[in-house]
Amino acid sequence: MSDVNEALRAAADQFGTPLYVYNAATITRQYRKLTTAFAGHKTRFFYACKALSNVAVLRHVLGLGSGLDCVSINEVRLGLHVGFAPDEILFTPNSVTFEELVEAKNLGVNLNIDNISLLERFGATFGGSYPVCVRLNPHIEAGGNYKIQTGHIDSKFGISIHQMRHLERVVKGTGLHVRGLHMHTGSEIKDVGVFMRALEILFDAATRFPELEFLDLGSGFKVPYKPGDPETDVRALGEQVAAAFKSFEKEYGRELECWFEPGKYLVSESGFLLVSVAVVKQTTATVFAGVNSGFNHLIRPMFYDSYHHISNLTNPKGAERLYTVVGNICETDTFAWDRLLPEIHENDLLAFHNAGAYGFEMSSSFNSRTRPAEVLLDESGELRLIRKRQTFEDLLAGQVDTVAEEKVG
Ligand SMILES: *Cc1c(COP(=O)(O)O)cnc(C)c1O
């Protein structure tokens, strides 16, 4: 860790703050944990790139042998751009038009369809000529914050398992070739039992579809955020999944691959958001540490009430004091309340941990503040700038300022 801290300090020196830094070695470690855990059964992993889609990160993940899970046509294009083969890409969108689905089909990627009307239209147009995967909703409530639960009864995702008869009718009626069934019950599921329950439901559904090649359990692997937080026990899960597949395959009559789409598990811990302390402000109620960032750069604490560990890289051994860490956005944007941190001085360098997943990716230029640069600490220990810091000119780019143009014209 101290090596990483040194690299983080060097990155801040070289590229300034606010800055996102990703440690490639951590992504590799997490990927290897998964492939080791699931070695007992033929398993494929598709990195859910909505967590972090910088092309340097995508290239790293491609190099590890992973596939890519995409939720928009532009994510599919990014994947193809960095060299993923169409077969290594899974398109799992929600609420998209038929046209976007056809665009993905024309690019040759795996399609995961999550709505009966789209499936019916797809079947009517293409019959069984382009095999598809169907996303089911098992109605299992699981996961962290409600906003990241996808399997519950009010969720917009997937085709309800209670619509199985209708689904079968559409498949038979249009001659669709269903080669996979999919489920993604949410994010941050620590309990192995939840995945196994979802798998039982998939097995039950699978008996109605004779042409299956794989069952996709989605994702939701939890990683620790707070010190002492649990991580999903992927080793135990891997063993249980392998045993369950083995016995189901006997009943089903053919082998089935197991697919997963990890996002957070691969990149969360790899990422740090580095910020500088602009002000330390003592009020009647607390001591604020005001940093040169805000929810325009890392929205998870405000949006999901997520905990991000903070370290003071300039004064790591300082006496601990209680702080409220806030950003510079003109709205309440509190990163952390009542956090014990080594004494903070103005200009100190702080690091938010677990900033790899849904960090930069959900950033904006709210308050006309620019987005941070991104740096990859590669496995040889080199710091590589992988996205330039946004500039004032970037904020104007694309705006049509008619008055200014008249003056110029
Ligand atoms: C977001 C998403 C994932 C990744 O979820 P994580 O919690 O980041 O692992 C996987 N599959 C689908 C379909 C998703 O939408």
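Below, all heavy atoms of this structure are taken into account, side chains as well, without hydrogens, waters or symmetry copies. Just so you know, ligand 1 is whichever comes first in the structure, and atom 1 is the first atom listed for that ligand. Throughout, numbering of the chain's residues begins at 1 and tracks the sequence. No experiment lies behind these values; they were computed from the predicted model shown.
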Determine whether the side chain, the backbone, both or neither of A48 has a heavy atom under 4.0 Å from any heavy atom of ligand 1.
side chain
With heavy atoms and a 4.0 Å threshold, my read on which part of H184 contacts ligand 1 is side chain
Considering both backbone and side-chain atoms of [X], is one of its nitrogen or oxygen atoms within less than 3.5 Å of a nitrogen or oxygen in ligand 1?
| X | answer |
| --- | --- |
| Y358 | yes |
| T92 | no |
| E261 | yes |
| V71 | no |

Of H182, K50, K222, R135, the residue with the heavy atom nearest atom 15 (O) of ligand 1 is K50
Return yes when A357 approaches ligand 1 closer than 4.0 angstrom through a heavy atom, no otherwise.
no
Around atom 7 (O) of ligand 1, find the nearest protein heavy atom and jot down its residue, atom name and distance.
S187 OG, 2.4 Å
Got the closest protein heavy atom to atom 9 (O) of ligand 1, with its distance?
S219 OG, 2.5 Å
What one should report as the nearest heavy-atom pair of L349 and L8 is CD2-O, 4.5 Å
Taking all heavy atoms of A206 and all of L212, pick out the closest pair and write down the distance.
CB-CD1, 3.5 Å
Evaluate the criterion ring pair (Phe, Tyr, Trp, His ring centres under 6.0 Å) for residue pair Y225 and H308; output intermediate values, then yes/no.
CA-CA 6 Å; Y225 276 73; H308 288 261; 5.5 Å; yes
Begin from the C-alpha positions of E100 and R77 and carry the test salt bridge (charged side-chain N to carboxylate O under 4.0 Å, His left out) through to its verdict.
CA-CA 12 Å; E100 188 166 332; R77 291 193 186 111; over 6 Å; no
Should the pair [X]-[Y] be classified as a salt bridge under the 4.0 Å nitrogen-to-oxygen rule?
| X | Y | answer |
| --- | --- | --- |
| R197 | E200 | no |
| K190 | D229 | no |
| E213 | K42 | no |

Relative to the heavy atoms of D69, which atoms of ligand 1 are at a distance of less than 4.0 Å?
11 (N), 12 (C), 13 (C)
Specify whether F221 and Y265 have parallel, tilted or perpendicular ring planes, treating 30° as the upper limit for parallel and 60° as the lower limit for perpendicular.
perpendicular
